[in-house]
Every structure is written in structure tokens, then in C-alpha cells.
Q: 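Structure provided below as C-alpha cells; questions to follow.
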Number of protein chains: 2
Amino acid sequence: MRAVRLDESEVGVGRVTLQTVADRVGVSRMTVSNAFSRPDQLSSALRDKVLKAAEELGYTGPDPSARALARGSTGSVGVLLSNSPAEAFTDEVAAAFFSSIAATLSPRGIALTLLSSEPSGDVMPARDVAMDGVIVYNCDPESGAREQVERRKLPLVLVDQPNTRGFSSVNVEDRSGARAAAQHVVDLGHSRVALIGKTGVPPFGIVESSSAKGQGYASTERLAGWIEVLTEAGIEPVILQEPIDSTAGGRGALKAILEVQPDTTAILAFSDAMAAGVLLDAHDAGISVPDQLSVVGFDDNPLATRLRPQLTTVRQDVTEKGRLAASMLVEAMADRRAGRPTEPRAVTLTTELVVRDSTAPPPRAGKPPEGAKRPQDGKRPRTRRPSARA
Amino acid sequence: MRAVRLDESEVGVGRVTLQTVADRVGVSRMTVSNAFSRPDQLSSALRDKVLKAAEELGYTGPDPSARALARGSTGSVGVLLSNSPAEAFTDEVAAAFFSSIAATLSPRGIALTLLSSEPSGDVMPARDVAMDGVIVYNCDPESGAREQVERRKLPLVLVDQPNTRGFSSVNVEDRSGARAAAQHVVDLGHSRVALIGKTGVPPFGIVESSSAKGQGYASTERLAGWIEVLTEAGIEPVILQEPIDSTAGGRGALKAILEVQPDTTAILAFSDAMAAGVLLDAHDAGISVPDQLSVVGFDDNPLATRLRPQLTTVRQDVTEKGRLAASMLVEAMADRRAGRPTEPRAVTLTTELVVRDSTAPPPRAGKPPEGAKRPQDGKRPRTRRPSARA
DNA sequence: TTGTACGCGTTATCAT
DNA sequence: ATGATAACGCGTACAA
């Protein structure tokens with residue numbers, strides 16, 4: 001009966017496979033495969049017989065790994081993260097993004113695999129885990145993982161990444177969002193401004209403007225946007241680089257800034273989470289926000305409206321970002337299956353300045369620095385869309 | 001040279017495999033495999049040569065699916081969720097749990113795959129996705145997915161699940177935690193109590209005590225714990241079943257409860273998230289918590305201390321729950337690889353009543369119902385550990 | 001180092 | 001229409 005398998009050991013011993021079931025029913029392996037995967041290829045009577053035999057033998061259905069090999073598809077897509085996958089759940093903004101991805105994929109029956117970009121021993125998830133496509137999120141382009149995953153030539157969508165080589169990507173107008181934030185404090189009349197950037201690599205702490213560059217696309221872009229506008233306004237900001245993007249990571253920033261520029265009146269932070277740390281520190285130090293200090297965050301984290309004062313920030317739509325990334329990837333995977341090339345798409349989502357209660361004119365108003373634009377008086381709308389130009 | 005492949009088509013056409021590289025270098029497929037996977041099995045000179053050829057050919061390394069089939073291991077573990085995977089990120093308590101799992105797995109080079117238990121078309125992730133082990137989280141035992149994954153005979157850890165068939169499990173003292181919550185309001189003198197349960201299946205809304213059973217282990221246990229204590233105290237609670245475990249899901253509950261029992265003075269909620277909805281509704285309705293209404297949640301969600309008043313709740317350690325589940329699974333997978341049987345372990349984590357500001361004696365105090373225990377006066381500690389007995 | 005025999009299904013192709 | 005045969009997918013383990 002059997003063509004290939006040599007052990008004729010009978011039922012009950014060892015693993016139950018298609019062949020075991022086929023032998024039991026007295027049909028070919030193919031017929032059993034069809035019974036499970038293409039019901040229309042055989043009579044329902046025979047199919048029932050096969051399924052019944054499978055049931056008796058405790059056969060669970062086609063082995064997913066074998067099927068993945070034979071079909072060339074695994075049923076799951078990966079998300080490659082530069083941070084620990086644990087942070088995907090911890091950070092509210094990231095969580096909303098991933099939640100949106102999961103919500104887009106699961107109705108399509110696609111599982112979501114979280115991949116660390118850190119190698120552990122000799123295994124590198126980005127290289128070694130089987131998947132049908134990858135969303136590369138906010139991942140250090142220098143990292144080996146990013147390169148590994150590119151080389152696998154899987155369908156790929158880059159998110160919050162510089163889009164170099166013609167991949168599909170979803171990005172956010174980080175730079176113009178940051179420009180809007182900076183312009184906002186300039187318009188309010190601030191001239192002593194500090195920036196809190198985010199970087200995974202040294203130098204940390206107060207850095208020279210020249211050596212300040214974020215690690216990762218978003219932090220690079222936001223820093224650039226802030227500095228452009230401030231420079232145009234004749235303001236040279238104090239720049240602090242922090243490694244941890246969280247409320248805890250933002251704590252201590254205020255003190256460090258005030259040490260080098262005691263009369264700072266406005267702080268622009270890489271994220272709302274970090275800004276929250278500043279707000280807490282300010283509160284503890286008896287510094288009133290926004291009366292004595294203005295603070296602007298980024299993201300429009302749900303946190304922003306829970307804080308007191310509510311945080312002025314730059315909104316990005318992470319839900320849409322996730323939905324787009326996932327659906328672009330799904331499309332690319334369909335193209336791949338159909339053997340047609342995927343037209344790379346590069347989408348950039350807008351950002352929007354959301355003015356809340358953490359910003360106000362500086363304490364000693366009326367003396368804006370040379371070159372600063374006058375604050376637009378009167379009823380400025382509480383929300384402004386920066387232009388899409390970077 | 002080749003034993004199996006029939007097409008002798010040359011380099012550059014089609015997929016690059018071990019064989020392609022082997023042909024290029026003039027060695028066997030095995031040698032190339034060794035070069036990648038067992039460097040010590042060949043001279044480093046030859047290895048370099050092989051790696052160089054692979055580089056030139058754009059060979060990325062062994063195909064993960066093929067390797068998974070050959071090795072019998074995929075490098076990722078699944079988490080099976082009854083809710084949409086999207087909620088894994090949305091719900092703060094679930095997110096902390098998954099974060100802890102991810103933090104435990106990723107240093108070991110293991111990826112985490114989120115699996116919906118809902119079938120979509122003909123694909124059922126629980127049956128069709130390749131993985132080395134599964135954490136079954138809070139999953140309806142009736143669900144096909146739960147059964148599917150059991151039948152695959154993968155290493156398994158059940159979390160927040162009734163532990164029936166000798167699987168390893170991590171559970172929480174839901175019942176005694178709920179008992180402590182109920183005892184707390186009884187001790188305070190409440191006699192008009194309402195419960196907000198969580199269930200995925202009808203009936204929803206106000207239900208009879210007899211027909212009230214949660215869907216899912218945690219909700220069943222919590223409900224049972226509340227009812228036990230209240231019954232002992234001679235109190236028959238109003239029971240409301242809600243389908244959505246979130247702040248939004250908790251909204252509307254207060255109104256529904258007050259319609260059937262206008263003089264309700266205490267509400268015990270399945271989760272802090274739902275309790276938050278009650279607090280918001282109470283605020284909107286001008287009902288003062290805890291003066292007019294006491295509210296107790298469950299979980300000790302970070303949310304609990306952000307609310308005003310801060311929420312009295314029952315703490316569970318979800319981080320430890322995640323760490324334990326992941327490490328037990330890792331152990332079981334190691335056993336499997338080593339061919340030794342796994343001794344199933346059933347761990348139950350303690351819960352702890354945390355008294356904050358959302359509970360107080362009922363407005364018209366001094367008239368506890370017959371059979372109710374007297375509140376313990378004086379300086380009761382703000383935190384009490386219920387006994388482990390259910 | 002290399003040959004050989006799988007791992008376990010799937011996608012043709014062929015036969016009845 | 002149904003079912004069987006053969007080759008294939010891409011590696012890995014183990015013996016030679």
C-alpha cells in the first residue's frame with residue numbers, strides 16, 4: 001500500500017499522519033488530504049468514512065508545518081519590533097497601533113507574530129520564524145534584524161521608517177507635526193525652549209545641537225522639525241536625549257534641562273508619555289504648567305487628556321496607521337500568491353496640532369526674540385493642521 | 001550531482017535553496033546545511049567559501065518552513081484568545097499579562113503568535129498555525145478552538161481556565177477574591193447589593209440568580225464567590241450580565257440596576273474597567289461614590305488608582321501570571337524535545353482585597369440585614385488577604 | 001564530508 | 001467524476 005514510508009508499524013504507534021489514516025481506510029494519502037482540504041474532490045460518503053477514521057485515530061488534521069512547506073504559506077504575519085515585544089503592550093500608542101493591526105488581520109484568519117529584533121543565542125526571529133509577510137515597525141535600520149527580514153524577500157511594509165529601497169511604507173508627518181508644535185510655542189512668544197528627544201544610542205543627556213540626531217525615523221524627524229522652526233525664529237534650543245520613551249523615562253528631564261537653562265519656558269517632548277513625566281516633575285517642583293512652563297507632547301496618547309493640565313500635543317492616527325499597514329501587507333501577500341508584482345505604496349498620514357491646557361504665553365510676556373513671529377491673537381482655532389510639506 | 005531535483009536549470013532562475021548553493025560551491029547539500037546550522041561540522045575555510053557563495057546567490061539561509069518541518073519546531077508559541085486579539089492590546093490588564101509573557105519568551109528567542117479563536121472562512125488559527133506550544137487564555141472551553149488546540153497535543157498551559165484534564169494551568173483565586181469583595185461590602189453594612197457579571201453569551205441584562213452563570217472561568221468563579229458570601233449574609237443581589245468587559249461596557253449598568261433596585265447601595269463589578277463605567281455614570285447622575293454608592297472592581301487595573309474616587313478592588317498579579325504561564329510552557333516544550341513527559345502543574349495565584357476610596361458604609365447605616373456579620377470596627381488593615389479556600 | 005532516508009503534506013498528471 | 005501515482009517543497013538526522 002505505502003509507497004514511501006518503510007515502517008509498517010501499525011496504528012497507535014508513533015505519529016498519526018495522513019498516511020496512517022489512508023492505510024486505515026484503504027485509500028491513498030491523496031484522498032485523505034482531499035477529505036480535509038478539498039471536500040469537493042470526493043464523494044461525501046467516502047469523505048465521512050475518512051473523517052471518521054481520522055477521528056478514531058486521533059488525527060487532528062494536516063500538520064501545519066508540513067502544510068506550510070508544501071503550500072508556501074504559514075497563515076501568520078510577523079511584526080518586527082526594535083523594542084522588546086513586551087513594550088508593544090505596555091506603551092499605549094504602540095498598543096493601539098498593534099491592536100488595529102490585529103483587528104485587521106484576524107477577520108482574515110491571519111495570526112500575528114511578534115518578533116524581537118534582538119538575537120538570542122543563535123536564533124534570530126527575524127530570520128528564523130516562518131511567516132507570510134512582515135510589518136517592520138519603528139525599527140533601527142542599522143539593526144541586523146531589519147536587514148535579515150529584507151533579504152528574505154517577504155512581502156514587507158515599513159512603518160515609521162525611512163523609506164529607502166522602494167518598499168511599501170506607512171509614515172506619519174512627524175516633521176511637519178513637530179514644526180507645528182514648535183511654531184505653536186514660538187507664536188506664544190517663548191524664546192527659551194528645550195527639546196526632549198528619544199534615542200536608543202548614546203550620547204544621552206544634554207547634547208549639542210550638532211550632535212543631536214534621533215535614532216529611529218520618528219525621533220530624527222521630530223527633532224529636525226522642531227529645530228528647523230526654532231532656528232528660523234532665532235532660537236537655539238537646549239536638547240536633551242533620553243533613552244526611554246515612557247513617563248518614567250521623562251522624569252528627571254525637567255531637572256536636567258533647568259540646570260543648563262534655568263529660565264526655560266517651554267519644553268517640546270518626543271512623546272506624550274515623556275511629556276507626562278515632565279508634568280509630574282513640574283508638579284512636584286511647584287512649577288505651574290502652563291503659567292510658568294509650557295509643555296507640548298506628541299502622539300495624542302489617551303494619556304494626554306487624563307493629565308492635568310491636559311496636554312497640548314500633536315495627534316497622529318495610530319489606528320489608521322495600523323489598519324493601513326496591515327491591509328497593504330495583506331494586499332502584497334495576495335499579489336505574491338497570484339504571482340503578480342506589488343506596486344510599492346508610500347503613504348504618509350497627516351498630523352494635527354491639538355492645543356489643550358499645557359501651553360500658554362511665557363511668564364514674562366511681551367518680549368519675543370528677534371525674528372519670532374507674533375502670536376496670532378484672538379480666536380485661533382484650537383486645532384490646526386500643519387501643511388504636508390516637510 | 002543532484003540526487004533528487006530534476007531540473008538542472010542554472011543559477012539565477014527560480015528559488016535559491018541549499019542545493020543551489022551546494023552546486024555552486026561543488027559540495028553536497030548537507031555541507032551547506034552544516035555551514036549554516038552546525039559550523040563545527042566543517043572546516044572554517046570551507047564554511048567561509050560556502051557562506052560567500054550563499055551571499056553572492058542571495059541565499060538568506062535555511063527556509064524557516066522547511067526547517068520547521070524537518071526539525072519539528074517552529075520557534076514560536078501561540079496564545080489562544082477567546083476575545084479578538086485586538087483586545088489583547090486594548091485591555092490594560094490583558095496587555096500587562098501578554099507583556100509579561102513576551103518579556104519571558106523573547107530573551108529565549110521565542111516569538112509570540114496571537115491566535116484568534118474565531119474561525120474565519122475555512123481557516124482556524126488554532127488548528128492551522130504552526131507553533132511549538134500554546135497558552136490558552138481565558139478561552140471558552142466550549143469553543144472549537146480550545147478543543148482543536150488540545151487535540152494537537154502541543155505543550156499547553158491553561159490560564160484562567162477550569163483545569164479539567166490534567167493540563168498545566170495558572171489560575172487566580174477568583175472565587176475567594178470575589179468572596180473578599182463581597183464580605184467587604186457586607187461588613188460595611190450594605191444589604192442592597194448588585195453584581196455586574198461578564199458573559200459572552202445571552203442572556204444579557206438583569207438575570208435571575210439561578211440562571212446567572214458567567215461564561216468563562218473567571219466570570220463564573222467571581223460570580224460564585226460573590227453570591228456565596230451574599231447568600232450567607234441573607235442578601236439576594238441583583239445580577240446584571242454584561243457582554244463587554246470595558247469601561248464602555250460598564251456604562252449603562254448603573255441605570256439598569258437602579259431600575260430594578262432603586263435603593264442599591266453597593267455594586268460589585270467583574271472588572272475595574274466595568275467599575276470605571278459605573279463610576280462615570282454615577283458621577284453623571286450626581287450619585288456620590290462612596291457616600292451614596294459603594295463600588296468594588298476586580299483586577300487592580302492601573303486604571304483603579306487613576307479613577308476618582310480611587311477604586312476599591314481585588315488585586316491579581318497579572319505579571320506573575322504571565323511569567324509563570326510562559327515559563328511553564330517553555331519547560332513543557334523542553335520536556336517534549338527531550339522526550340520526557342511533563343508533570344502537569346496547577347498553580348493558583350492569590351488575590352488580595354485592596355480597599356481604596358470607592359467603598360464606605362451605606363448612606364442609612366445602622367440597619368444591616370439579618371444574618372449579616374457585623375462590620376469589624378476600628379483599624380482594620382486597608383489590605384486583606386482572603387484565605388485560599390474557595 | 002557525503003549519501004540516504006525521511007518529515008508530511010500538496011500540486012500536478014495519469015488512470016479508471 | 002474519482003482516485004491513484006509520482007514528484008516536489010526544503011531541509012535535517014544519522015550512518016557510512
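Below, chain A is the first sequence line, B the second, and so on; all start at residue 1. Both backbone and side-chain heavy atoms feed into the values below; hydrogens, waters and symmetry mates do not.
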Q: May I ask you to say what Phe36(A) touches in the nucleic acid, namely base, sugar-phosphate or nothing, with a heavy-atom cut-off under 4.0 Å?
A: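 Touches nothing.
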
Q: Side chain of Asp63(A) only, heavy atoms from C-beta on: which candidate in dG9(C), dG7(C), dT10(C) is closest?
A: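 When the side chain of Asp63(A) is considered, dG9(C) is the closest of dG9(C), dG7(C), dT10(C).
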
Q: OP1 or OP2 of dG9(C) versus the side-chain N and O atoms of Tyr59(A): is any pair under 4.0 Å?
A: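 Checking Tyr59(A) against dG9(C): at least one side-chain N or O falls below 4.0 Å of OP1 or OP2.
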
Q: Does Arg71(A) put a side-chain nitrogen or oxygen below 4.0 Å from OP1 or OP2 of dG9(D)?
A: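 Answer is no, no contact under 4.0 Å.
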
Q: Counting only side-chain nitrogens and oxygens, does Arg29(A) get under 4.0 Å of the OP1 or OP2 atom of dA6(D)?
A: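 The answer is no; no side-chain N or O of Arg29(A) sits under 4.0 Å from OP1 or OP2.
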
Q: Quick one: is dG3(D) close enough that its OP1 or OP2 comes under 4.0 Å of any side-chain N or O from Ser28(A)?
A: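 Checking dG3(D) against Ser28(A), no side-chain N or O comes under 4.0 Å of OP1 or OP2.
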
Q: Any side-chain donor paired with an acceptor under 3.5 Å for Ser116(B) and Ser106(A)?
A: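 Ser116(B) vs Ser106(A): no donor-acceptor pair found between side chains.
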
Q: Does dC8(C) have its OP1 or OP2 closer than 4.0 Å to a side-chain nitrogen or oxygen of Arg15(A)?
A: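 Arg15(A) to dC8(C) OP1/OP2: side-chain N or O found under 4.0 Å.
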
Q: Report the distance from atom CZ of Arg38(B) to atom P of dT1(C), rounded to the nearest whole Å.
A: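 My rounded result for the distance is 14 Å.
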
Q: Using the side-chain heavy atoms of Met30(B), tell me which of these nucleotides is nearest: dT4(C), dA4(D), dC8(C).
A: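 Per side-chain heavy atoms of Met30(B), the pick is dT4(C).
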
Q: Should the pair Tyr137(B) and Phe98(B) be assigned to parallel (<30°), tilted (30 to 60°) or perpendicular (>60°) ring geometry?
A: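 The arrangement is perpendicular - the two ring planes meet at more than 60°.
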
Q: One thing to verify: whether Glu55(A) and Arg151(B) come together as a salt bridge, which I'm taking to mean a side-chain N less than 4.0 angstrom from a carboxylate O.
A: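 Glu55(A) and Arg151(B): salt-bridged.
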
Q: State whether Ser37(B) places a side-chain N or O below 4.0 Å from either non-bridging phosphate oxygen (OP1 or OP2) of dG11(D).
A: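 Result: no.
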
Q: What's Asn34(A) touching, base or sugar-phosphate or nothing? Going by heavy atoms closer than 4.0 Å.
A: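 Here Asn34(A) touches no strand at all.
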
Q: So, the side chain of Ser37(B) versus the backbone of Asn34(B): is there a donor-acceptor pair under 3.5 Å, distance only?
A: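 A pair under 3.5 Å: no.
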
Q: How would you label the contact of Ser65(B) with the nucleic acid (heavy atoms, under 4.0 Å): base, sugar-phosphate, or nothing?
A: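 No contact.
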
Q: So, Ser117(A) versus Ser82(A): side-chain donor-acceptor pair below 3.5 Å or not?
A: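 The criterion, which ignores hydrogens and geometry beyond distance, is not satisfied for Ser82(A) and Ser117(A).
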
Q: For residues 39-54 of chain B, which residues have at least one heavy atom under 4.0 Å from DNA chain C?
A: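 Listed by number, they are Gln41(B), Leu42(B), Ser43(B), Leu46(B).
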
Q: Starting from C1' on dC6(C), measure out to CD on Gln19(A) and report it in whole angstrom.
A: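 It is 13 Å, rounded to the nearest whole Å.
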
Q: For the helix from dT1(C)-dA16(D) to dT16(C)-dA1(D), how many degrees between its two end axes (five pairs per end), to the nearest 10°?
A: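 Terminal axis comparison yields 30°.
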
Q: For the pair made of CG in Leu69(B) and P in dA5(C), what is the distance, rounded to whole Å?
A: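 Result: 18 Å.
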
Q: Of the listed nucleotides (dA4(D), dG7(C), dG9(C)), which one gets closest to any side-chain atom of Val27(A)?
A: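 Of the options given, the side chain of Val27(A) lies nearest dA4(D).
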
Q: Between the side chains of Thr90(B) and Ser99(A), is a donor N or O closer than 3.5 angstrom to an acceptor N or O?
A: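 Thr90(B) vs Ser99(A): donor-acceptor pair found between side chains.
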
Q: Between dG3(D), dG11(D), dG9(D), which nucleotide has the shortest distance from any of its atoms to the side chain of Thr31(A)?
A: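 It is dG3(D).
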
Q: Any side-chain to backbone donor/acceptor pair from Asn171(B) onto Val159(B)? Under 3.5 Å, distance only.
A: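 No.
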
Q: Only pairs at least two apart or in different chains count here, so list each salt bridge (charged side-chain N to carboxylate O under 4.0 Å, His left out) that has a residue in residues 38-52 of chain B.
A: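 The answer is Lys52(B)-Glu56(B).
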
Q: What I want to find out is whether Asp23(B) reaches Arg29(B) closely enough, with some N-O distance under 4.0 Å, to be called a salt bridge.
A: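 Looking at Arg29(B) together with Asp23(B), the answer is no, because their closest N to O distance does not fall below 4.0 Å.
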
Q: Would you say the side-chain atoms of Thr74(B) and Asp132(B) include a donor-acceptor pair closer than 3.5 Å?
A: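 Note: Thr74(B) and Asp132(B) side chains meet the donor-acceptor criterion.
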
Q: Quick one: is Ser33(B) getting a side-chain N or O under 4.0 Å of the dT12(D) phosphate, OP1 or OP2?
A: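 So the side-chain polar atoms of Ser33(B) do come within 4.0 Å of the phosphate oxygens OP1 or OP2 of dT12(D), strictly under.
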
Q: Asp23(B) CG to dT2(C) P: how many Å, rounded?
A: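 So the CG-P distance, Asp23(B) to dT2(C), works out to 12 Å.
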
Q: What is the separation between atom CZ on Arg152(A) and atom C1' on dC10(D), rounded to the nearest whole Å?
A: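 Result: 14 Å.
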
